[in-house]
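Take a look at the structure below.
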Amino acid sequence: MRERRLATAAAVVVLFAAAWALLWQPLKDDTLRARRELLLARTALSAAQAQTAELTGLQRITPTPESTDPRVAVEQVLGERGLKSVLTSLDVKDTRVFVTFADIGFDPLVSLLDALARTHGLRAVEATLTSRIDPGSVRAEITLAR
């Protein structure tokens, strides 16, 4: 009788250890892994939502009608930004605008290109930038088109 009790107790201990090793431990590991994956998924979701909001904001920007003369559009933005004095040449052929600056700061140039794209739908399709002796200053030959 005593041996039977000891054998039963040993069997219960072995079954408990087997259940722990085969059921409980994998469930615990899977739960931890699922929590880590949930954190990563939430991070990816928030990044995707931020990108969606940014894209939605960009889509709301409506350029002026394309019937606007591109020369007038470029001159208007140059005047608004105080860059008419640094303009070397401005030519329009067909639907393309050719702009040359002998010496312009890089930051004002980027700002100008951004404003032209946002307000008039004119984007740089070709550009040649040559650095100047002054830091942050370039010679720019840019072709713009819609």
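Numbers for residues simply follow the sequence, beginning at 1.
- Defined by atom type and a distance below 3.5 Å, a donor-acceptor pair is present between the side-chain atoms of Thr100 and Ser89.
- The distance from atom CG of Leu113 to atom CG of Leu144, rounded to the nearest 0.5 Å, is 6.5 Å.
- Between Ile104 and Ala140, the closest heavy-atom pair is CG2-CB, 4.4 Å.
- Leu40 CG to Leu45 CG: the interatomic distance, rounded to the nearest 0.5 Å, is 12.5 Å.
- When every heavy atom of Pro70 is checked against every heavy atom of Val97, the shortest pair comes out as CB-CG2, 3.3 Å.
- Transitive grouping of hydrophobic side chains (ILVMFWY, heavy atoms separated by less than 4.5 Å) brings Leu87 and Val110 into a common cluster.
- Between the CZ atom in Arg132 and the CZ atom in Phe106 there is a gap of 15.5 Å [rounded to 0.5 Å].
- Side-chain atoms of Leu90 and Glu75, non-hydrogen and from C-beta on, do get closer than 4.5 Å to each other.
- Atom CG in Leu109 sits 11.0 Å away from atom CG in Asp114 (nearest 0.5 Å).
- Every residue two or more places apart in sequence or in another chain that forms a salt bridge (Lys or Arg N to Asp or Glu O under 4.0 Å) with Arg33 is listed here: Asp30, Glu37.
- A continuous path of Ile, Leu, Val, Met, Phe, Trp and Tyr side chains, each step under 4.5 Å between heavy atoms, connects Val99 with Leu129, placing both in one hydrophobic cluster.
- To the nearest 0.5 Å, the span separating OG1 on Thr143 from CG on Leu122 amounts to 12.0 Å.
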Exercise. Yes or no on side-chain contact (heavy atoms from CB on, under 4.5 Å) for Val77 and His120, after CA distance, side-chain angles and deciding distance?
Worked result: CA-CA 9 Å; Val77 174; His120 299 286; 3.6 Å; yes

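- Smallest separation of non-hydrogen atoms from Phe101 and Leu83: CE2-O, 4.3 Å.
- Put simply, the side chain of Arg146 never gets that close to the backbone of Thr95: no donor and acceptor are under 3.5 Å apart.
- Residues that satisfy the salt bridge (Lys or Arg N to Asp or Glu O under 4.0 Å) test with Arg139, not counting sequence neighbours, are Glu141.
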Exercise. Going through the checks in order, is the side-chain contact (heavy atoms from CB on, under 4.5 Å) test met by Thr130 and Val138?
Worked result: CA-CA 5 Å; Thr130 308; Val138 295; over 6 Å; no

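- Side-chain contact between Leu112 and Val74 is absent, with no heavy atoms from C-beta onward closer than 4.5 Å.
- Taking a 6.0 Å sphere around CD of Glu126, one finds it holds 12 or fewer heavy atoms contributed by other residues, nucleotides or ligands.
- The minimum heavy-atom distance linking Arg81 with Ser111 is given by the pair NH1-OG, 3.2 Å.
- Between the side chain of Ser46 and the main chain of Thr43, a donor-acceptor pair closer than 3.5 Å is present.
- Smallest separation of non-hydrogen atoms from Ala73 and Leu116: O-CD2, 4.1 Å.
- Surrounding CZ of Phe16 are at most 12 heavy atoms belonging to other residues, nucleotides or ligands under 6.0 Å away.
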